[in-house]
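Just so it is clear, the model here is predicted, and its values are computed rather than measured.
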Amino acid sequence: MAADEPTERQLRVMPWWLVLVGLLLAAALGWLVLDLLLTEADRASQPDTRATLRIDAIRTGLTVVAGTGGGLALLLAARRQWITERAQRHQESVAARDQAHRDRVQAHAESVAEAAQRQQDRQSTAAEHDAAERRLTELYTRAVELLGNDSAAVRLGGLHALERLGQDHPGQRPTIGAVLCAYLRMPAPDDEPRETEVRRTAQRVLTRHLRADDAAHWPEVALDLTGATLVDFDATGCTLVDANFTATAFTGTTTFAGATVRGRLQLGAATFGDVVFEGVAADGEVLLDGVRVSGQATFDGATFSDGLSCRRSTFSGHSSFRQVTFGQPTSFDATRFEDSTTFRQAVFEGALSMEHTEFGRSANFHAARFTNMALFRWTVFGAEALFDQARFTDAANFGRARFHSMASFRDTQFSRPPQVDQARAVVDPGHRWPAGAVVQQLDDEWLLLVDC
């Protein structure tokens, strides 16, 4: 029984003798009243009056007896009604308790059934997950085994199997990307056309899924191709996140045109044939220290928001940095440009350092803007050095620079006089020095520039 349910008192049956006692009391009361009335009637002096009073006394006594009996009858009827109502309430209470019990039993049964169903669903889900994981592992293992096969055709099949696996299972994409990078980092057999085609396919699989505007984009993949050998690597329009190409050998034409760089792009000590960085947008640091470019290098329209480090590098072919925007400090220290180089209309928003840099042929800085300090100390200009219409809004230092051909600063704007102390230039009638520059002739071949 619940704690809030009242405890009912036990109903006892009325004994028969209690009714008999009531009747006797009613008769005794009637007799007593009759006796009193008869005694009063006998006191009357007239016989007629006495007879009338006796008759009234008898009638009154009977009335008292009848009234008492009627009262007892009413009490018994009221008790019967109370018992009936109590029985009805008892039945209703019992029915309510039974219904509540049935509801509790039903709720418990439903709860048990739901718990059993949930447990079954969890077991079913776990079984499906285990089966899917086993199937995924089998597919991955099989694809990797194909990639290690001696047959180039089978290796190609392994590459496509890995790509399909990554396309269907996004969680596996970083691992698959790492496997493809590891494959490309492995030494390649010399002069093996079939293996070259396999590697080209691996490159295309990687770059195909690095284009953010493509439905097949894999944003989770990061490239680590340190020391790899890549042939005609094409990352046009790709999004590169913390990509590492340190000491990578790029053969043929390499292009990063229109690529978006997030984080650091490391290309230190890499070697290139022809390379294109046209339109690259980099918000992290780009490292080109120690690179070797045997062909042409094009950086036109690129943006290096966090600066560019290109120290101790060599560019053997024509190099173009037209309209490039350099953000944070940029360094070309000790870099050698063997062919003509142009920085026409380039913008250097951070400091520029070209100390000990060598330009084998013409160096064109026409209309370039230097909004921070620009250092050209010990820079060697092997041919024309053109700074026409350039603009320096901070310090410019050409101390100890060497001009082996014409130097032109026509219409160049300096916010302060440039430092040219101990800079030297060959005797050439085409020189256009900054206003106020002091030029002294050392001998028949060389001129000396000194600060004002």
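Taking the ring pair (Phe, Tyr, Trp, His ring centres under 6.0 Å) definition, one finds that Trp218 meets it with His209, sequence neighbours left out. When the side chain to side chain contact (heavy atoms under 4.5 Å, CB included) test is applied to Asp333, the partners found at least two apart in sequence or on another chain are Arg311, Ser331, Ser353, Glu355. Take His356 and apply the ring pair (Phe, Tyr, Trp, His ring centres under 6.0 Å) test, not counting sequence neighbours, and it matches Trp378.
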Please list every donor-acceptor pair under 3.5 Å in which a side-chain atom of residues 144-155 meets a protein atom from a residue at least two apart or in another chain.
| unit_1 | atom_1 | unit_2 | atom_2 | d |
| --- | --- | --- | --- | --- |
| Asn149 | OD1 | Ser151 | N | 2.8 |
| Ser151 | OG | Ala153 | N | 3.4 |
| Arg155 | NE | Tyr183 | OH | 3.3 |
| Arg155 | NE | Glu195 | OE1 | 3.2 |
| Arg155 | NH1 | Asn149 | O | 2.8 |
| Arg155 | NH1 | Asp150 | O | 2.9 |
| Arg155 | NH2 | Glu195 | OE1 | 2.8 |

Could you go through residues 420-427 and list every donor-acceptor pair under 3.5 Å that involves a side-chain atom there, pairing it with any protein atom two or more places apart or in another chain?
none

Expected list for residues 260-282: side-chain donor-acceptor pairs under 3.5 angstrom, two or more places apart:
| unit_1 | atom_1 | unit_2 | atom_2 | d |
| --- | --- | --- | --- | --- |
| Arg262 | NH1 | Asp283 | OD2 | 3.2 |
| Arg264 | NH2 | Glu285 | OE1 | 3.2 |
| Asp274 | OD1 | Gln296 | N | 2.7 |

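Ring geometry, Trp446 versus His404: the interplanar angle exceeds 60°, so the pair is classed perpendicular (tilted spans 30 to 60°). Below 30°, between 30° and 60°, or above 60°: for Phe343 and Phe326 the angle between ring planes is between 30° and 60°, a tilted geometry. Ring planes of Phe337 and Phe359: parallel class, angle under 30° (limits at 30 and 60°).
A side chain to side chain contact (heavy atoms under 4.5 Å, CB included) with Leu180 holds for exactly one of Val221, Leu225, Val205, Thr175; it is Val205.
For Thr253 against Asp232, the heavy-atom pair with the smallest separation is N-OD1, 2.8 Å.
Thr325 places no side-chain N or O within donor-acceptor distance of the main-chain N or O of Thr303, the cut-off being under 3.5 Å.
You'll find the ring centres of Phe245 and Phe256 inside the 6.0 Å limit. Residues Trp433 and Phe403 place their aromatic rings such that the two centres sit under 6.0 Å apart.
Side-chain contact, Ser320 with Asp300: a donor N or O sits under 3.5 Å from an acceptor N or O.
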